[in-house]
There are 2 protein chains.
Amino acid sequence: MEPLTTEQKIIKAASKLFTQKGYAATKTREIAEEAGINLALLNYYFGSKERLYKEVVKNKLWMLLEVMIPVLSDETVSLKEKVETIAENYTQLLLEHEELPIFILNEWTVNEDLFVDITRDARLFAKPVIEKQLKENGMEVSVPDFIANLLSLIMFSFVAKPLFISSGLVEEEEFADFVMRRKEKIWEWITKINQ
Amino acid sequence: MEPLTTEQKIIKAASKLFTQKGYAATKTREIAEEAGINLALLNYYFGSKERLYKEVVKNKLWMLLEVMIPVLSDETVSLKEKVETIAENYTQLLLEHEELPIFILNEWTVNEDLFVDITRDARLFAKPVIEKQLKENGMEVSVPDFIANLLSLIMFSFVAKPLFISSGLVEEEEFADFVMRRKEKIWEWITKINQ
DNA sequence: TTTCAAATTAAACAAATGATTAAATCATTT
DNA sequence: AAATGATTTAATCATTTGTTTAATTTGAAA
């Protein structure tokens with residue numbers, strides 16, 4: 001348990017506040033207070049609020065993608081293993097960071113330019129690998145539809161959590177159970193969908 | 001084509017900017033400029049930025065819910081018709097207002113208090129009606145899972161559009177085609193999932 | 001111990017921002 | 001035409017906000 005460096009304290013506080021409230025609503029003074037550091041240190045280490053923000057977004061986007069990209073691209077992992085690993089890892093990750101997908105997807109919509117740099121030249125999905133494995137499994141679905149169905153069924157519950165809670169469809173206390181149970185069914189659903 | 005009243009011009013401009021950029025990033029002077037009115041009129045008609053914002057959120061939330069709620073609650077509409085109508089209506093609506101779901105879901109996460117008032121006492125989902133129809137169709141799925149699957153498969157493509165576009169999985173020009181084709185398969189998918 | 005760069009602090013600056021005021025204009029009624 | 005209330009305008013206010021500055025402290029090297 002090394003004590004955090006000043007830089008780490010700032011990143012930690014900024015990550016928390018930016019993901020909770022978005023870029024514009026988060027004030028540099030808040031970040032400084034949350035981090036327990038002097039306001040000027042924020043600019044000393046990161047130059048500006050925007051540069052700090054980009055740092056945070058890069059981290060968070062990577063958290064979200066690394067669960068999926070390497071697994072999907074790996075030819076030695078079967079389609080079933082892929083789906084089950086991704087379902088498992090995402091549910092795990094998102095239960096610990098519920099705000100992650102909505103933060104990233106909203107920022108990606110509102111602040112598109114920012115993501116151009118980050119995702120440039122990143123081969124996010126290994127289309128040929130997945131295409132081959134879909135055929136091997138007798139699935140006639142297209143790669144985009146396969147990815148869309150997979151991510152939908154795993155992630156949407158987290159994105160739309162407030163709707164589920166407010167409507168009384170799912171109680172706050174049983175939400176974790178709800179997504180854990182769904183996680184177990186993903187592979188079954190995916191195979192059924194694609195016959 | 002009546003010319004818009006000042007109030008309508010403000011609401012229109014505010015709707016556009018708030019949904020595009022969120023509450024904090026939207027400045028009252030921008031709204032005034034976009035609406036072509038004097039800044040003071042915003043407070044004259046709506047009292048404050050926050051009250052104007054609540055007005056916009058209420059409208060947008062209702063746009064999103066009215067596609068779904070009345071249809072789902074109607075006992076005289078079969079489950080198949082329900083699913084197909086909702087798939088059709090949502091795809092239509094969201095193609096015209098792509099920013100709508102991510103705006104509402106993000107605001108609902110970031111600004112939860114605001115939605116307490118709006119959704120209080122609103123029986124969003126008619127659980128018993130759907131439960132009955134699921135049984136009649138031999139579907140053993142729970143209502144929350146049914147709703148989650150339905151909304152996931154329809155809406156997630158819009159929420160995650162930037163991911164699909166940036167990854168090259170779907171081209172911007174073919175996005176409308178992509179979601180239109182998916183829309184046609186929703187009922188098939190839903191039935192297969194629940195055997 | 002002295003030196004010196006790195007790290008930290010308090011204070012201040014300039015611009016932006018939500019809101020208000022008081023005067024001017026408009027439209028409707030008398 | 002005069003009167004009256006509703007609408008609109010330009011100007012201003014008080015804070016907030018991101019950033020900078022200049023001085024101080026810290027800690028390691030000489």
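Nucleotide D/dT19 holds its P atom 13 Å from the CD1 atom of A/Ile10, rounded to whole Å. Separating the CD atom of A/Glu7 from the P atom of C/dT8 is a distance of 10 Å, rounded to the nearest angstrom. Between A/Glu33 atom CD and C/dT8 atom P the separation is 18 Å, expressed in whole Å.
Atom NZ of B/Lys9 sits about 10.5 Å away from atom NZ of B/Lys12, to the nearest 0.5 Å.
Ion pair B/Lys135/B/Glu140 not flagged as a salt bridge, since none of the NZ, NE, NH1 or NH2 atoms sits closer than 4.0 Å to an Asp/Glu carboxylate oxygen.
Figure legend. C/dT30 is base-paired to D/dA1; pairs are counted as Watson-Crick or G-U wobble with both atom distances under 3.5 Å.
Among the atoms of the strands shown, only primed sugar atoms or phosphate atoms (P, OP1, OP2) are found under 4.0 Å from some heavy atom of A/Tyr45.
For the pairing with B/Ser15, the side-chain contact (heavy atoms from CB on, under 4.5 Å) check across B/Gln20, B/His97, B/Lys60, B/Met63 returns one residue only, B/Lys60.
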Study note, to complete from the structure: Given protein heavy atoms under 4.0 Å, the one-letter contact record of nucleotides 9-21 of chain C, with B base, S sugar-phosphate only and - none, is simply BB-B----BBBBB
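A/Phe156 and A/Phe164 have perpendicular rings, their planes meeting at more than 60° on a 0 to 90° scale where under 30° would count as parallel. Classified by interplanar angle (parallel below 30°, tilted 30° to 60°, perpendicular above 60°), the ring pair B/Phe158/B/Phe175 is perpendicular.
Under the 4.5 Å side-chain criterion, counting only non-hydrogen atoms from C-beta, A/Tyr90 is in contact with A/Leu151.
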